[in-house]
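Down below is the structure, laid out as structure tokens.
FYI, the numbering just counts along the sequence from 1. As the structure is a computational prediction, the values presented were derived from the model and not from experiment.
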Amino acid sequence: MKKNIFVLCLLLISTIVFAKKGKKETFAFLKNEKQLNVIIDYSDVIIDELSEVEFLEMQAIKGGDEWSTKWENEIKDDLYKKFTGYMNLNFIGEYEIRAGNFPNANFQALVKLETISERGTTKASVVFTKVNSEEEITTVYIYGAGGTYGSRENLMGDGFQRAGDQLGGIIERKLSKMK
């Protein structure tokens with residue numbers, strides 16, 4: 001009986017280890033894809049040690065209520081374009097895949113922002129899934145150093161550009177190993 005339980009436990013452990021190894025940074029699913037849908041999730045982000053809501057309240061105190069509107073209507077869109085633009089620079093000339101707002105793509109990258117520092121340094125986890133699925137294919141962590149000079153939006157833009165470039169570089173290196 002003890003021997004059977006021991007064998008069962010070994011089998012269970014080896015299955016779990018193998019399953020985790022199978023999910024670890026495998027990008028074969030993107031090999032023949034033309035598009036990758038990118039979604040940036042701000043829901044749990046900490047900006048300057050504040051939640052997004054608290055950050056926007058602080059910005060409203062400093063710069064007026066219109067900052068919240070500008071954040072939603074202009075800044076987030078600009079940060080998205082910088083992120084995906086620099087991500088795509090890694091693919092041009094080598095791969096046909098493009099990252100951006102492609103809701104009809106087969107796969108998506110959910111960029112879950114963790115922190116954005118005062119200087120715009122951006123940290124995030126990126127979860128790859130099939131579109132309209134929550135089943136995780138792989139996860140990577142990215143870091144984009146913020147800027148030194150400029151407005152808050154400019155500093156954040158620097159962080160998003162570098163984070164997008166890093167993610168594009170990770171995907172490019174993984175795809176190049178499959179050639």
Side-chain angles (χ1 to χ4, degrees), residues 20 23-25 27 30 35-91 97-105 107-174:
K20 286 187 177 187
K23 285 188 174 185
K24 188 176 181 181
E25 295 185 18
F27 285 87
L30 290 179
Q35 299 176 330
L36 175 65
N37 190 38
V38 177
I39 300 167
I40 298 180
D41 179 4
Y42 289 81
S43 63
D44 294 324
V45 69
I46 302 298
I47 307 171
D48 298 349
E49 300 181 15
L50 302 169
S51 70
E52 183 183 14
V53 171
E54 294 166 335
F55 170 75
L56 292 175
E57 289 173 358
M58 182 63 68
Q59 289 305 109
I61 292 168
K62 291 179 181 178
D65 290 331
E66 58 277 347
W67 213 91
S68 290
T69 304
K70 185 178 178 183
W71 173 255
E72 289 299 328
N73 297 333
E74 294 175 35
I75 297 170
K76 280 185 173 180
D77 186 50
D78 188 47
L79 294 174
Y80 183 87
K81 288 176 183 172
K82 288 179 179 182
F83 184 88
T84 56
Y86 275 76
M87 188 176 169
N88 283 320
L89 287 177
N90 290 276
F91 310 137
I97 190 167
R98 294 297 174 261
N101 184 17
F102 300 115
N104 293 324
F107 298 96
Q108 67 186 16
L110 177 60
V111 181
K112 294 182 176 184
L113 294 173
E114 295 172 5
T115 60
I116 302 172
S117 75
E118 186 176 351
R119 289 284 180 200
T121 297
T122 304
K123 295 179 185 177
S125 61
V126 184
V127 179
F128 292 87
T129 63
K130 284 190 117 184
V131 170
N132 298 323
S133 171
E134 293 185 18
E135 185 179 337
E136 181 181 319
I137 299 170
T138 192
T139 300
V140 297
Y141 297 91
I142 57 173
Y143 171 89
T148 307
Y149 304 105
S151 67
R152 173 168 293 288
E153 299 95 285
N154 179 272
L155 298 171
M156 286 180 172
D158 291 344
F160 273 69
Q161 286 174 351
R162 290 178 181 126
D165 184 48
Q166 184 184 48
L167 180 58
I170 290 168
I171 294 171
E172 189 276 328
R173 285 187 297 281
K174 298 294 184 180

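No donor-acceptor pair under 3.5 Å is formed between the side chain of Asn88 and the backbone N or O of Arg98. Side chain of Thr115 to backbone of Ser117: no donor-acceptor contact under 3.5 angstrom is found. In this structure, Asp41 contributes its side chain and Ser43 its backbone to a donor-acceptor pair below 3.5 Å. A donor-acceptor pair under 3.5 Å is absent between the side-chain atoms of Asp158 and the main chain of Gly146, judged by distance alone. Side chain of Glu114 to main chain of Lys123: no donor-acceptor pair is present (N/O by atom type, distance under 3.5 Å, no hydrogens or angles). Proximity of a side-chain donor or acceptor of Tyr80 to a complementary backbone N or O of Val38 within less than 3.5 Å is detected.
Between Trp71 and Tyr42, the ring-plane angle classifies as perpendicular under the 30° and 60° cut-offs.
Between atom CD of residue Glu172 and atom CG of residue Leu167 there is a gap of 12.0 Å, rounded to the nearest 0.5 Å. Atom CZ of Phe128 and atom CD1 of Ile137 lie 9.0 Å apart (nearest 0.5 Å). Atom-to-atom distance recorded for Glu66:CD and Asn73:CG is 12.5 Å, nearest 0.5 angstrom. Here the straight-line distance linking atom CZ of Phe27 with atom CG of Leu36 works out to 9.5 Å at 0.5 Å rounding. For the atom pair CZ of Arg152 and CG of Leu155, the computed distance is 7.5 Å after rounding to the nearest 0.5 Å. Rounded to the nearest 0.5 Å, atoms OG (Ser68) and CZ (Phe55) are 9.0 Å apart.
For CG of Asp77, the number of neighbouring non-hydrogen atoms (other residues, nucleotides, ligands) closer than 6.0 Å is greater than 12. The environment of CD in Glu72 is crowded: more than 12 heavy-atom neighbours from other residues, nucleotides or ligands sit within 6.0 Å. Sparse packing is recorded around NZ of Lys130, with 12 or fewer heavy atoms of other residues, nucleotides or ligands lying under 6.0 Å away. Summarising the local packing, OH of Tyr86 is surrounded by 12 or fewer heavy atoms from other residues, nucleotides or ligands at distances under 6.0 Å.
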Item to check | Asp44 and Lys112: CA distance, side-chain angles, deciding distance, side-chain contact (heavy atoms from CB on, under 4.5 Å) verdict | outcome: CA-CA 8 Å; Asp44 294 324; Lys112 294 182 176 184; over 6 Å; no
Checklist entry - Between Thr121 and Ile116, is a side-chain contact (heavy atoms from CB on, under 4.5 Å) present by the stated rule, with each step listed? => result CA-CA 5 Å; Thr121 297; Ile116 302 172; over 6 Å; no
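Met156 and Ile47 get closest at one heavy-atom pair: CE-CG2, 3.8 Å. Nearest approach of Thr148 to Arg119, heavy atoms of both residues: O-NH1, 2.8 Å. The nearest pair of heavy atoms linking Leu50 to Met58 is CD1-CB, 4.2 Å. Residues Ala163 and Phe83 come closest through the heavy atom pair C-CE1, 3.7 Å.
With Asp78 as reference, Lys82 is the one residue of Lys76, Lys82, Lys81 to meet the salt bridge (charged side-chain N to carboxylate O under 4.0 Å, His left out) rule.
Residues Gln59 and Lys70 fail the side-chain proximity criterion, which asks for heavy atoms closer than 4.5 Å. In this structure the side chain of Ile171 never reaches within 4.5 angstrom of the side chain of Asn90, judged on heavy atoms. When side chains are defined from C-beta on, Trp67 counts as touching Ile75, because their heavy atoms get closer than 4.5 Å. Considering only heavy atoms from C-beta on, Ile40 comes within 4.5 Å of Phe160 through its side chain.
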